[in-house]
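Structure record follows, encoded as structure tokens.
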There are 2 protein chains.
Amino acid sequence: MTPARPKPDALHEAQDRFVATWGQMGSAWGISRTMAEVHALLFISGDALCTDDVMDRLQISRGSASMSLRALLDWGVINRTHKRGDRKEYFAAEQDVWTMFRAIVRERMKREVDPLLASLFEIRDMTGGLGAVGADHNARLDALLLFFEVVQTFGHRFISPAGEGLQAAADILNKADAP
Amino acid sequence: MTPARPKPDALHEAQDRFVATWGQMGSAWGISRTMAEVHALLFISGDALCTDDVMDRLQISRGSASMSLRALLDWGVINRTHKRGDRKEYFAAEQDVWTMFRAIVRERMKREVDPLLASLFEIRDMTGGLGAVGADHNARLDALLLFFEVVQTFGHRFISPAGEGLQAAADILNKADAP
DNA sequence: TGGTTGTTTCAGGAATGATTGAAAGAGAGA
DNA sequence: TCTCTCTTTCAATCATTCCTGAAACAACCA
């Protein structure tokens, strides 16, 4: 067995399983497995960890750890911290789940929904000149556009500053739960 | 230039761009590019196409076309049809955008959210015996569980039979739009 | 400034996931 | 039953994406 046990085995194993689970979830949704695992580790440990901690725990290279951490910072789901008398950088995951998902939704909207809508508008314009030939085509595009505009509206509401976003979502769900 | 032009160039090009756009979108969300492209083609053309039509238009192999079509059937976003006096199978995309997304949400819930919740519960149980050591860990898991239960509730409402699902979502969004 | 510690970058290699194409399967009609 | 047409399967190949590791970079301190 392992001679040194800094943590109870059960906790350590539970963390590992959480990391694996969250990693799988990530890849199903288009996020690289490692990046999701790094996030999972920071979230579930609750501590601020340094690059070497992450490397050791997940058995990944320095480069990979650095890139994942950078990407997570860009997404706004982790933060840099420092420890007094230590030059290393430490990273801690946002612990509020709603705040975390607001950040995720904000980024995905910016990276995917907004460009998608822009493209759909452009594509629609390509057949503006056509008469009846393009009518059905345009009708289909319009239906899709309408749907994604609704998605965008809803998304904006979800991510809008603190109270509103969370409250709006919670209210909707509470109302929806009642009947 | 191409000698035969069964369709106006503009329409053809618009379709191609839509296919490419939808394909990109797919890969960002964990769906294989080709499968998303096949779906895009069926959706934007509005016709029922056979395997060869899809192969020719997207320049993919028979095997790839067959597998993509099968997967799209499993997702419930396209349907088989037949033409009188023709043994070939034709495929047509669901044209109602809300129905289409209800199918997508239903499948993703079943494939990803449900198993995720099951895993999170299991992981939580792994540290049930631990005292104070595991308390923070469990609190974090609980917060995540709560969030995904909300997601699940909301998702179920969205996909619930015809009227309700669509209506509920539309209502919520209309209300949210007002102020 | 030189030495030390820590971080980022990126070309190349490894792993993962997707596609092909040919062969087997399935069904219809004669 | 045989033949013809269309569909599905799957091992081998290909493409893409991800990770590694070492070198360059940056920041701090004496």
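Lettering follows sequence order; numbering is per chain, from 1.
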ask   = Do A:D52 and A:K88 sit within salt-bridge range, that is, some charged N less than 4.0 Å from a carboxylate O?
value = no

ask   = In whole Å, what is the span from the CG atom of B:L73 to the P atom of D:dT7?
value = 12 Å

Pairwise distance CG(A:D47) to CG(A:L41) - rounded to 0.5 angstrom = 9.5 Å

Length of the line joining A:R87:CZ and C:dT4:P, which is rounded to integer Å = 12 Å

remark   = Picking from C:dT8, D:dT8, C:dT20, the nucleotide nearest the side-chain atoms of B:R80 would be D:dT8

query = What integer distance in Å separates B:Q24:CD from D:dT16:P?
reply = 13 Å

query = Is A:R62 side chain donor-acceptor paired with the D:dA22 base, going by distance under 3.5 Å alone?
reply = no

ask   = In whole angstrom, what separates A:E89's CD from D:dC25's P?
value = 19 Å

inquiry  = Distance check needed: C:dT9 C1' versus A:L69 CG, whole Å only.
reply    = 15 Å

query = Which whole-number value in Å describes the distance from B:R70 CZ to D:dC10 P?
reply = 11 Å

inquiry  = For a quick check of understanding: with a heavy-atom distance under 4.0 Å over all strands, which category does B:S32 fall into, base, sugar-phosphate or nothing?
reply    = sugar-phosphate

inquiry  = So if I take every side-chain heavy atom of B:S61 and compare against C:dT20, C:dG6, D:dT20, which nucleotide ends up nearest?
reply    = C:dT20

key: Nearest-nucleotide 5' precedence on DNA chain D, B:T51 against B:M67   = B:T51

request  = Verify whether the ring centers belonging to A:F148 and A:F121 lie closer than 6.0 Å.
outcome  = no

remark   = Between A:Q95 and A:G46 the two heavy atoms that sit nearest each other are NE2-CA, 3.5 Å

task = Check whether any side-chain N or O of A:S66 sits under 4.0 Å from OP1 or OP2 of C:dT7, and answer yes or no.
result = no

ask   = Is NZ or CZ of A:R106 both nearer than 6.0 Å to the six-membered ring centre of A:W75 and within 45° of the ring axis?
value = no

query = How long is the line joining NZ of A:K88 and P of C:dT8, in whole Å?
reply = 14 Å

task = Give the rounded distance in Å between these two atoms: CG of B:D86 and C1' of D:dT5.
result = 10 Å

